[in-house]
Participant: 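I am attaching a structure below and will ask some questions about it afterwards.
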Amino acid sequence: MINAGIVGASGYTGETLLGILLKHPFVRLSYLSRGQDKEQKISELFPKFEKISGLSCGPTDIKQIKEKCDVVFLAMPHTASMSLVPKLISCGKKVIDLSADYRITDYRLYEKSYQVKHTDKANLKQAVYGLPELYRNKIKTASLIANPGCYPTAAVLALAPLLGLGVIEKDNIIIDAKSGISGAGKKMSEGFLFNEANEDFKAYKVNSHQHAPEINQILSRLTGRKTEIIFVPHLLPLYRGILETIYVKRSEVRGRKSKGNIIELYKKFYKDEPFVRIKKDAEFPRLKDVQGTNFCDIGIKDCGSNIIIISAIDNLIKGASGQAVQNMNIMYNFPQETALL
């Protein structure tokens, strides 16, 4: 049994983490905090946890974390984690950070994307990118996990089999992405108010979203050279879920040799991955297939010289809290499906 804490327990990802960890057979939830001074029972914030957890949630206290926790989940806004991570690492705690603070290895690119100085370059170098399907071996021995963003999770899982095998061109990748409103967190913003988003649909941060450098970084690792995508996110008038339609061109060299069944290629690539499901020919994922789950569903349309990949995830689970727990399971050698199926 390990003791786990959540910093930022009152947000959407914090709430989702609570629900998963409270049913985890090998975890004792021992500490909760949030960004407000007032201490409050978690069941008062989320009545659904009444009679399930009697924990209180107040300001972050490093001394309490040191005494009570083996692993700490940081479910805080971007730019907030890097002030806390050095203290937790120095206390010998394992940390799973759900923000973007440790995802982008080039601190200058992080600073450009998030408009803030990175204050923990030392731990940035040792952080492991927590996409289990690609980096499981590194995750096993990590002390600090940079939990991937929601858009990058759906994009990288969709593209990894083709890029890793050189089947497609590296410079002609277009990602048309759509997300529910919870992806923006609980911050107050006019564009995310119900009356503004309801019965509407819009593109935002066109080819300038802060997740694009993260996607480019991981895809560049897969290709062995600089790879940049065209990325256009859209806001859906619903609470949760991400669906991405990705357009790629078949490589003139290796792609010509891979005219076989692309779907079988995906199934072979992910044959040992419990949370990636490949659709049959002419079948494609929809949000209802994955909402409330830790699955990433992928459908593929081979159009000859072009290939279309459609991926879908729940942004709060596989795109955040569920993936964080999947990473914890790997770190502690638990079956990775524990509490997630």
Side-chain angles (χ1 to χ4, degrees), residues 1-34 41-43 45-46 48-49 51-76 81 84-99 101-102 123 126-133 135-148 273-275 293-294 316-341:
M1 187 72 72
I2 63 169
N3 296 307
I6 302 173
V7 177
S10 60
Y12 292 140
T13 54
E15 178 188 358
T16 306
L17 266 171
L18 268 161
I20 298 171
L21 293 175
L22 284 171
K23 66 180 184 181
H24 199 296
F26 308 126
V27 172
R28 181 187 299 108
L29 199 54
S30 57
Y31 178 82
L32 302 175
S33 74
R34 59 177 180 158
K41 282 191 174 182
I42 198 64
S43 59
L45 287 171
F46 305 115
K48 65 183 177 182
F49 295 129
K51 297 186 179 179
I52 301 175
S53 175
L55 286 173
S56 293
C57 188
T60 302
D61 187 323
I62 294 293
K63 184 178 179 182
Q64 285 195 47
I65 294 176
K66 185 176 180 179
E67 293 172 354
K68 296 180 178 181
C69 300
D70 301 308
V71 60
V72 186
F73 295 87
L74 302 182
M76 302 189 296
S81 292
L84 194 57
V85 165
K87 300 172 186 176
L88 298 175
I89 295 294
S90 67
C91 291
K93 305 304 174 186
K94 290 185 181 294
V95 179
I96 300 173
D97 179 30
L98 280 76
S99 83
D101 288 5
Y102 294 88
N123 285 309
Q126 72 163 15
V128 171
Y129 192 73
L131 190 62
E133 291 77 12
Y135 300 111
R136 180 173 290 103
N137 289 336
K138 290 185 177 182
I139 292 167
K140 286 179 181 178
T141 59
S143 296
L144 173 59
I145 296 292
N147 211 61
E273 301 303 335
F275 293 113
T293 81
N294 197 55
L316 294 178
I317 303 184
K318 183 58 174 168
S321 302
Q323 187 146 259
V325 173
Q326 187 180 355
N327 281 317
M328 180 201 68
N329 286 340
I330 294 168
M331 294 167 81
Y332 285 95
N333 203 30
F334 303 143
Q336 65 175 312
E337 303 95 328
T338 307
L340 295 171
L341 288 179

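Just the heavy atoms: all of them, side chains too, but no hydrogens, waters or symmetry mates, feed the values below. The model shown is predicted, which means the values in this text are computed figures rather than measured ones.
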Participant: Do we see a donor-acceptor contact under 3.5 Å between the side chains of Asn294 and Gln323?
Facilitator: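 Side chains of Asn294 and Gln323: no pair found under 3.5 Å.
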Participant: Is Val85 close to Tyr102 at the side-chain level, that is, under 4.5 Å between some pair of heavy atoms?
Facilitator: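 Yes, at least one pair of side-chain atoms sits under 4.5 Å.
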Participant: Can you measure from OG1 (Thr338) to CD (Gln336) and round to the nearest 0.5 angstrom?
Facilitator: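 Rounded to the nearest 0.5 Å, the OG1-CD separation comes out at 9.0 Å.
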Participant: Could you pull out the closest heavy-atom pair between Thr60 and Tyr31, with the gap in Å?
Facilitator: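 In this case the closest contact between Thr60 and Tyr31 is CA-OH, 3.4 Å.
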Participant: Grab the two heavy atoms, one from Ala4 and one from Cys69, that are nearest each other, plus how far apart they are.
Facilitator: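 So the minimum-distance heavy-atom pair works out to C-SG, 4.2 Å.
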Participant: Mind checking the NZ-NZ spacing from Lys87 to Lys93? Nearest 0.5 Å is all I need.
Facilitator: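 Lys87 NZ to Lys93 NZ: 15.5 Å, rounded to 0.5 Å.
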Participant: If you take all heavy atoms of Phe46 and Ser10, which pair is closest and at what distance?
Facilitator: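 Closest approach of Phe46 to Ser10, heavy atoms only: CZ-O, 3.5 Å.
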Participant: List the steps, then state whether side chain to side chain contact (heavy atoms under 4.5 Å, CB included) holds for Ile65 with Val72.
Facilitator: CA-CA 8 Å; Ile65 294 176; Val72 186; 3.6 Å; yes
Participant: Pick out which of Lys68, Arg28, Glu67 makes a side-chain hydrogen bond (donor to acceptor under 3.5 Å, both in side chains) with Asn3.
Facilitator: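 Of Lys68, Arg28, Glu67, side-chain hydrogen bond (donor to acceptor under 3.5 Å, both in side chains) with Asn3 is met by Arg28 alone.
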Participant: Compare every heavy atom of Gly130 with every heavy atom of Asn327, then report the nearest pair and how far apart it is.
Facilitator: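 Minimum heavy-atom contact is ND2-O, 2.9 Å.
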Participant: Report yes if the side chains of Met76 and Ser99 come closer than 4.5 Å at any heavy-atom pair, otherwise no.
Facilitator: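 Side chain of Met76 against side chain of Ser99, heavy atoms only: no contact under 4.5 Å found.
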Participant: Find out whether Pro86 and Asn123 are in side-chain contact, i.e. whether some heavy atom of one side chain is under 4.5 Å from a heavy atom of the other.
Facilitator: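 In short, these two side chains touch, coming nearer than 4.5 Å.
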Participant: For a quick check under 3.5 Å, do Asp97 and Asn147 share a side-chain donor-acceptor pair by atom type?
Facilitator: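 No, no side-chain donor-acceptor contact under 3.5 Å.
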Participant: Nearest heavy-atom pair of Ala9 and Cys57: which atoms, and what distance?
Facilitator: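 Minimum heavy-atom separation between Ala9 and Cys57: CB-SG, 4.0 Å.
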Participant: Is any side-chain heavy atom of Leu45 closer than 4.5 Å to a side-chain heavy atom of Glu15?
Facilitator: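 They are not in contact (no side-chain heavy atoms under 4.5 Å apart), so the answer is no.
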Participant: Which residue in the set Ile145, Leu84, Asp101 passes side-chain contact (heavy atoms from CB on, under 4.5 Å) when paired with Leu74?
Facilitator: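 Passing option: Leu84.
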Participant: Please name the residue in the list Leu29, Leu18, Ile6 that meets the side-chain contact (heavy atoms from CB on, under 4.5 Å) test with Ile42.
Facilitator: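 Testing Ile42 for a side-chain contact (heavy atoms from CB on, under 4.5 Å) against Leu29, Leu18, Ile6 leaves exactly one candidate, Leu18.
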Participant: Applying side chain to side chain contact (heavy atoms under 4.5 Å, CB included) to Phe73 and Val7, what does each step give before you reach the verdict?
Facilitator: CA-CA 6 Å; Phe73 295 87; Val7 177; over 6 Å; no
Participant: Are His24 and Val325 close enough that some pair of their side-chain heavy atoms sits under 4.5 Å apart?
Facilitator: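 In short, these two side chains touch, coming nearer than 4.5 Å.
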Participant: If you round to the nearest 0.5 Å, how far is CZ of Phe275 from OG1 of Thr293?
Facilitator: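 The CZ atom of Phe275 is 8.5 Å from OG1 of Thr293, to the nearest 0.5 Å.
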Participant: Using a 4.5 Å cut-off on heavy atoms from C-beta on, say whether the side chain of Lys94 contacts that of Met331.
Facilitator: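 Heavy-atom side-chain distance check passes, below 4.5 Å.
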Participant: Considering non-hydrogen atoms only, spot the tightest contact between Ile330 and Pro132 and give its length.
Facilitator: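 The pair with the smallest heavy-atom distance is CD1-CB, 3.6 Å.
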Participant: Supply the atom-to-atom distance Thr16 OG1 to Leu316 CG, rounded to the nearest 0.5 angstrom.
Facilitator: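 Answer rounded to 0.5 Å: 4.5 Å.
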Participant: Rounded to the nearest 0.5 Å, what separation is found between the CE atom of Met328 and the CG atom of Leu340?
Facilitator: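 Between Met328 CE and Leu340 CG, I get 8.0 Å after rounding to 0.5 Å.
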Participant: Dump the intermediate steps for side chain to side chain contact (heavy atoms under 4.5 Å, CB included) on Val95 and Ser143, then the final yes or no.
Facilitator: CA-CA 6 Å; Val95 179; Ser143 296; over 6 Å; no
Participant: State the CZ-CG distance between Phe26 and Asn329, to the nearest 0.5 angstrom.
Facilitator: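 It is 8.5 Å, given to the nearest 0.5 Å.
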Participant: Could you label the plane-to-plane angle of the Phe334 and Tyr332 rings as parallel, tilted or perpendicular, counting under 30° as parallel and over 60° as perpendicular?
Facilitator: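 Because their plane-to-plane angle is under 30°, the rings of Phe334 and Tyr332 count as parallel.
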Participant: Are there over 12 heavy-atom neighbours, none belonging to Lys23, within less than 6.0 Å of that residue's NZ?
Facilitator: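 Atom NZ in Lys23 is crowded, with more than 12 foreign heavy atoms closer than 6.0 Å.
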